[in-house]
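This is the structure I want to talk about, given as structure tokens.
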Amino acid sequence: MVETLDARHAVYVGSFDPPTLGHRDIISRGARLFERVTVGIGINPDKTPLFTSDERLSLLGDIVAPLQNVDVACFEGLAVDFVRKCGASVMLRGMRTLTDIEAEFTLTLANRSLAPDIETVFLMASEQYTSVSSTLIKQIASMGRDGSIEQLGEFVPSTVIEPLLAKYRDERSNAT
């Protein structure tokens, strides 16, 4: 039996730890380009994320709620296998910098070898999000300075700020 994959369905995979305004931008733009977008939260058992998979699922669910053609799911294993399981033929990727381009090029070649029937579509980050990374956001949140909420509002959706700051408040409380 030949599997038919839908070219109108794109899957955007990542760790989303935490979800950022850059992620939301790529998801929103992808939702305008494709009839359906699935956001796939990759679960890597070898890594310890800040947010659990259920927390990331909830945060992303809130972020994409206004987008009728977007759903969110968690997955383990290879991204191309998840894309195929979703019935999609497009993997959506966001890129911010030249470093991203180099890494994505290598990843795309590997994915093409593993799944030649799945195409990768790249969206360049909007200018205001080119410096936004989950690592930067975690550093800002972990400092716990006054004004963190205002600073984080430039990088993450408002619904992510309090859960993010709470993670670091809990961490500081447990350390004392």
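Residue numbers start at 1 and run along the sequence shown. Values below: all heavy atoms of this structure, side chains included; hydrogens, waters and symmetry mates excluded. Computed from a predicted model, the values in this text were never measured in an experiment.
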Query raised in the report: Quick one: does Leu164's side chain get under 4.5 Å of Ile137's, heavy atoms only?
Result: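 Counting from C-beta outward, Leu164 and Ile137 do come under 4.5 Å.
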Query raised in the report: Under the side-chain hydrogen bond (donor to acceptor under 3.5 Å, both in side chains) rule, what pairs show up with a residue in residues 109-125, not counting sequence neighbours?
Result: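 Residue pairs with at least one partner in residues 109-125: Arg84-Asp117.
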Requested in this report: Could you pull out all residues at least two apart from Lys85 that satisfy salt bridge (charged side-chain N to carboxylate O under 4.0 Å, His left out)?
Outcome: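 Applying salt bridge (charged side-chain N to carboxylate O under 4.0 Å, His left out) to Lys85 gives none.
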Query raised in the report: Just checking, is any N or O donor in the side chain of His9 or Thr38 under 3.5 Å from an acceptor N or O on the other one?
Result: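 There is such a pair (donor and acceptor under 3.5 Å, judged by atom type) between the side chains of His9 and Thr38.
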Query - Residue list, side-chain contact (heavy atoms from CB on, under 4.5 Å) with Asn44, at least two apart or on another chain - result: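 For Asn44 the side-chain contact (heavy atoms from CB on, under 4.5 Å) partners, ignoring immediate neighbours, are Asp46, Lys47.
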Query raised in the report: Do Ile27 and Val39 have side-chain heavy atoms sitting under 4.5 Å apart?
Result: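 Touching, per the 4.5 Å side-chain cut-off.
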**Report entry** Counterpart residues, side-chain contact (heavy atoms from CB on, under 4.5 Å), relative to Pro49 (two or more places apart)
**Finding:**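 Scan of Pro49 (side-chain contact (heavy atoms from CB on, under 4.5 Å), adjacent residues dropped) gives Asp17, Arg56.
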**Report entry** Test salt bridge (charged side-chain N to carboxylate O under 4.0 Å, His left out) applied to Glu104 - qualifying residues, sequence neighbours left out
**Finding:**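 In terms of salt bridge (charged side-chain N to carboxylate O under 4.0 Å, His left out), with neighbours along the sequence ignored, Glu104 is linked to Arg93.
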Query raised in the report: How close do Val72 and Leu57 get, heavy atom to heavy atom, and via which atoms?
Result: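 Nearest pair, atom of Val72 first, then Leu57: CG1-CD1, 3.5 Å.
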**Report entry** For Asp6, all residues meeting salt bridge (charged side-chain N to carboxylate O under 4.0 Å, His left out), sequence neighbours excluded
**Finding:**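 Applying salt bridge (charged side-chain N to carboxylate O under 4.0 Å, His left out) to Asp6 gives Arg8.
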Query raised in the report: How about Thr159 and Asp62: does a side-chain donor come under 3.5 Å of a side-chain acceptor?
Result: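 On atom types as modelled, these side chains do not qualify, holding no pair under 3.5 Å.
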Requested in this report: Could you tell me whether Lys167 and Glu55 make a salt bridge, using a distance below 4.0 angstrom between a side-chain N and a carboxylate O?
Outcome: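 Yes, Lys167 and Glu55 are salt-bridged.
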